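Values reported hereafter were calculated over all heavy atoms of this structure, with side chains retained and with hydrogens, waters and symmetry mates removed. This is a predicted model, so every value here is computed, not measured. Each residue takes its place number in the sequence, starting with 1.
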Amino acid sequence: MGAAAEMLQVTPTFLRALGAAKLIEPKRSGGGHRRYSRYQLRLAARARELVDQGTPVEAACRIIILEDQLAEALRINSERERAAGD
């Protein structure tokens, strides 16, 4: 967690808050250390951007979840359009 926090220039408390808000749920190593994926680090970086702009943490997490859902829906629609055009 410390390395991830340092990389993102946030505190471990901030990363814990993202976990509590269910934005990211890191895997645990055998020793119990949190292990973040690159995707989770990107989400945390986006959350930091929003929080730096004045958005409360929980609202930032909800915005990111909605952005992610929209991107997935657009990807699925694009695939369907390509398949229909074949």
* Structure fact -> By side chain to side chain contact (heavy atoms under 4.5 Å, CB included), I76 pairs with (sequence neighbours left out) E72, R80
* If only atom types and distance count, is the side chain of E25 paired as donor or acceptor with the main-chain N or O of G19 below 3.5 Å? -> no
Would you tabulate the side-chain donor-acceptor contacts of residues 54-64 under 3.5 Å, counting partners in other chains and residues two or more places apart, or write 'none'?
unit_1: T55; atom_1: OG1; unit_2: L50; atom_2: O; d: 3.2

* Note, M1 side chain near P12 side chain (heavy atom, < 4.5 Å) -> yes
* Structure fact -> Scanning both residues in full, the closest heavy-atom pair of R35 with S29 reads NE-CB, 3.5 Å
* To do: Decide yes or no for D68 and Y39: does some side-chain heavy atom of the first lie under 4.5 Å from some side-chain heavy atom of the second?
  => yes
* Taking it one step at a time, do L8 and F14 satisfy side-chain contact (heavy atoms from CB on, under 4.5 Å)? -> CA-CA 10 Å; L8 297 169; F14 179 79; over 6 Å; no
* Taking the side chain as C-beta and beyond, is there a heavy-atom pair between R34 and R28 under 4.5 Å? -> yes
* Shortest non-hydrogen contact from L15 toward A5 -> CD1-N, 3.7 Å
* Structure fact -> d(R48 CZ, L43 CG) to nearest 0.5 Å is 15.5 Å
* **Results of side-chain hydrogen bond (donor to acceptor under 3.5 Å, both in side chains) for E67 - residues two or more places apart only** => R46
* Of the non-hydrogen atoms in Y36 and A4, which two are nearest, and what is the gap between them? -> CD1-CB, 3.6 Å
